[in-house]
Amino acid sequence: MRKKILLSLALSGLLFGGAFAQKKYSQKQIDALKSEVAQIVQNKHKQSQVMVDKIFSFAELGFQEVESSKYLTGILEQNGFSIERGISGIPTAWVAKWSNGDGPVIALGSDVDNIPKASQYPGVAYHKPIVEGAPGHGEGHNAGIPLNITAALAVKQIMERENIGGTLVLWPGIAEELVAAKAWFARDGVFDGIDLCIFTHVGNNLGVSWGQASGTGLISVEYTFAGEAAHAAGAPWRGKSAADATELMNIGWNYKREHLDPLKRSHSVITDGGDQPNVVPSQASIWYYFRDVKYDGIMEMYAQANDIAKGAALMTGTTMTSKILGTAWPRHFNKVIAETMYSNIKKVGLPEWDENDQTLAKALQKELGSKEVGLPTKLDTLDGPALELRSGGSDDIGDVSWVLPTVTLRFPSNIPGLPGHHWANAIAMATPIAHKGVTAGAKAEAMTILDFLLKPELVGQAWDYFKNVQTKEETYKPMITKEDVPPIYLNEEIMKKFRPELEKFYFDETKYDTYLEQLGVKYPTVKGN
């Protein structure tokens, strides 16, 4: 309700600055406070490093981020934030809030889950699992929330001393690798009353963009077929094979793929193919991601897949049910927030990489057959809307970006030229590369937060872009219904299997300075040294 009232004021010509009883600051005063907050972030570098290393060591898959959530909320509670847990019926989801009175309400989000079979020693430029077959941070999601906490605590220190009004809201992107939580947050009103959102995601440079991003949105759907069991050799004619239905659906969809627009993509895994060969499978399931650069295209693919699934059931005499496991809208980021943030990014600049950092990066690039360019030394430019839409990956921050003004800050904590969703992407994520990148990103984020707190008219301008440009011709429609529930059971068995082994490697910051030290890794470790 509050958001709607403020939006109405903005659209009637009363900028948001008039809605908040905020002390007026000169640009010189704002610049001085931003310089100070950047120094506070720098002073918190050790705390950031410990958080980054700790989350890396937990190595938790989506919906099972138990230790990560407990650790992060504990830090926030110790620093005066109130915590609401179990958001949208997800046990590991939470929202942390701290308020200093009337003023802009700014949300800071980032993901926390990791990748199956990506266990990897950090700082070692070749494949060396910590626990063979276990999950690991092969996306780098261990760094984003530590960045947000560092920035929030630095800004909080300034807000308290200067009596700056406003509210900071921190939240985790649960199960992002399954694109399976943010749509539920959006549906359930988690972002009601919030004025803008800054999201952070690991990258290999320090940057931000606005407008429709490249890549896709998607809908994640599992189809389950039910048939009749029978002895596969003794009486196969009495069986109705759910596995046959699953295979026939996959064949049908693969024929359909030949006729899809090049901007569409889809992929699948068979999650249940039956029990054993001598029993006609009475149940089988297949799980798809259907991707497109536009919402309408996603829903068109979904409808086509539903028809193919019905056909597979008819051909086999089975029945079919389906459930949505996750969704992501194509991303659209806010111009005003991005431009404000980029001005701060230019002031912060890239970290100073030392010889060890560059040696690790080039050795890993060589190991993977990528160009041996090392780490970047030149900032990315501010990117606007994609001139030509391109297919690619998805992120459910897209749903949030259609609910309120949002940007994603990409911070330089990983190495260029890596495959993504891979053990190699974990190598930098508990090393000085990640630690330096988090500190640089936290500086840019903290400075941007102060801009919106001290110049609240920027909030009105952000909403003006959101209302009169972004959503002028397209309105957000959730792909999930009120009846759809988040699939919190996913990854439960995998973590139950690996957690006892992973626990032996949890980072103990009371005994060791860094996780590299605890693991006995010489930084950097490359082939031949």
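Residue indices begin at 1 and follow the sequence shown.
Contact check for Asp111 versus Lys182: side-chain heavy atoms found under the 4.5 Å cut-off. Counting heavy atoms from C-beta outward, Thr439 and Pro351 have side chains that stay 4.5 Å or more apart. In this structure, the side chains of Pro146 and Lys54 stay at 4.5 Å or more apart for every pair of heavy atoms. Proximity of His201 to His141: side-chain heavy atoms (C-beta onward) are separated by under 4.5 Å at one or more points. Counting heavy atoms from C-beta outward, Phe185 and Val403 have side chains that stay 4.5 Å or more apart. Counting heavy atoms from C-beta outward, Lys34 and Ile30 have side chains that approach closer than 4.5 Å. Within the 4.5 Å cutoff, the side chain of Ile337 has no heavy atoms near those of the Thr406 side chain. Contact of the Tyr295 side chain with the Met479 side chain is registered, since non-hydrogen atoms from C-beta on lie closer than 4.5 Å.
A donor-acceptor contact shorter than 3.5 Å links the side chain of Asn114 to the backbone of Ala59. No donor-acceptor pair under 3.5 Å is formed between the side chain of Asp53 and the backbone N or O of Phe507. A donor-acceptor pair is defined here as one N or O able to donate and one able to accept, closer than 3.5 Å; no such pair exists between the side chain of Asn148 and the backbone of Thr200. In this structure, Gln42 contributes its side chain and Ile40 its backbone to no donor-acceptor pair below 3.5 Å. No donor-acceptor pair under 3.5 Å is formed between the side chain of Thr408 and the backbone N or O of Phe199. Checked by atom type and distance alone, the side chain of Trp329 pairs as donor or acceptor with a backbone atom of Lys477 at under 3.5 Å. When atom types are taken as modelled, the side chain of Lys347 and the backbone of Met447 share no donor-acceptor pair closer than 3.5 angstrom. Ser343 places a side-chain N or O within donor-acceptor distance of the main-chain N or O of Thr340, the cut-off being under 3.5 Å. With hydrogens and angles disregarded, no donor-acceptor distance shorter than 3.5 Å links the side chain of His267 to the backbone of Tyr289. Of the possible polar contacts, one joining the Thr73 side chain to the Lys70 backbone as a donor-acceptor pair under 3.5 Å is found.
Nearest heavy-atom pair across Gly326 and Leu218 is O-CD1, 4.3 Å. Of all the heavy atoms in Phe81 and Leu168, the pair that sits closest is CE2-O, 3.9 Å. Of all non-hydrogen atoms in Phe452 and Leu196, the two that sit nearest each other are CD2-CD2, 3.4 Å. Shortest non-hydrogen contact noted between His435 and His45 is O-CE1, 3.3 Å. Listed here is the closest heavy atom pair of Cys197 and Val400: SG-CG1, 4.3 Å. Between Ala338 and Val407, the shortest heavy-atom contact is N-CG1, 3.6 Å.
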Go through Lys436 and Asp357 one step at a time and tell me if the salt bridge (Lys or Arg N to Asp or Glu O under 4.0 Å) criterion holds. CA-CA 10 Å; Lys436 293 173 185 178; Asp357 302 330; 2.6 Å; yes
Where do Phe63 and Leu178 land on the side chain to side chain contact (heavy atoms under 4.5 Å, CB included) test, with the steps shown first? CA-CA 9 Å; Phe63 289 124; Leu178 302 170; 3.8 Å; yes
Under the side chain to side chain contact (heavy atoms under 4.5 Å, CB included) criterion, do Leu153 and Gln47 qualify, and how do the steps go? CA-CA 11 Å; Leu153 296 183; Gln47 181 184 17; 3.9 Å; yes
Between Leu379 and Asn205, does a side chain to side chain contact (heavy atoms under 4.5 Å, CB included) hold up when you go through it step by step? CA-CA 7 Å; Leu379 274 177; Asn205 208 307; 3.9 Å; yes
Worked check of side chain to side chain contact (heavy atoms under 4.5 Å, CB included) between Asp380 and Arg410: CA-CA 10 Å; Asp380 275 347; Arg410 302 192 72 87; over 6 Å; no
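Taking the salt bridge (Lys or Arg N to Asp or Glu O under 4.0 Å) definition, one finds that Arg85 meets it with Glu77, sequence neighbours left out. Qualifying side-chain hydrogen bond (donor to acceptor under 3.5 Å, both in side chains) partners for Asp354, counting only residues two or more places apart in sequence or in other chains: none. Scanning for side chain to side chain contact (heavy atoms under 4.5 Å, CB included) contacts around Ser26 gives Lys28, Gln29, with sequence neighbours left out.
Side-chain contact annotation: Asn79 with Lys156, donor-acceptor N/O pair under 3.5 Å absent. No side-chain N or O of Trp353 forms a donor-acceptor pair with one of Thr377 less than 3.5 Å apart. With 3.5 Å as the limit, one finds no donor-acceptor pair spanning the side chains of Thr448 and Asp451. Of the N and O atoms on the side chains of Arg291 and Ser394, at least one donor lies less than 3.5 Å from an acceptor on the other residue. Inspection of the Lys455 and Gln461 side chains reveals no N or O donor paired with an N or O acceptor under 3.5 Å.
More than 12 heavy atoms of other residues, nucleotides or ligands sit less than 6.0 Å from atom CD of Gln27. Surrounding CD of Glu84 are at most 12 heavy atoms belonging to other residues, nucleotides or ligands under 6.0 Å away.
The aromatic rings of Tyr288 and Phe290 lie parallel to each other, with less than 30° between the two planes, well short of the 60° mark.
For the pair Lys23 and Tyr25, the cation sits on the ring face: its NZ or CZ lies under 6.0 Å from the ring centre, inside 45° of the axis.
The residue from Thr92, Ile83, Ile145 that alone fulfils the side chain to side chain contact (heavy atoms under 4.5 Å, CB included) condition with Ser69 is Thr92.
Taking 4.0 Å as the cut-off between side-chain N and carboxylate O, Asp399 and Arg187 do not count as a salt-bridged pair.
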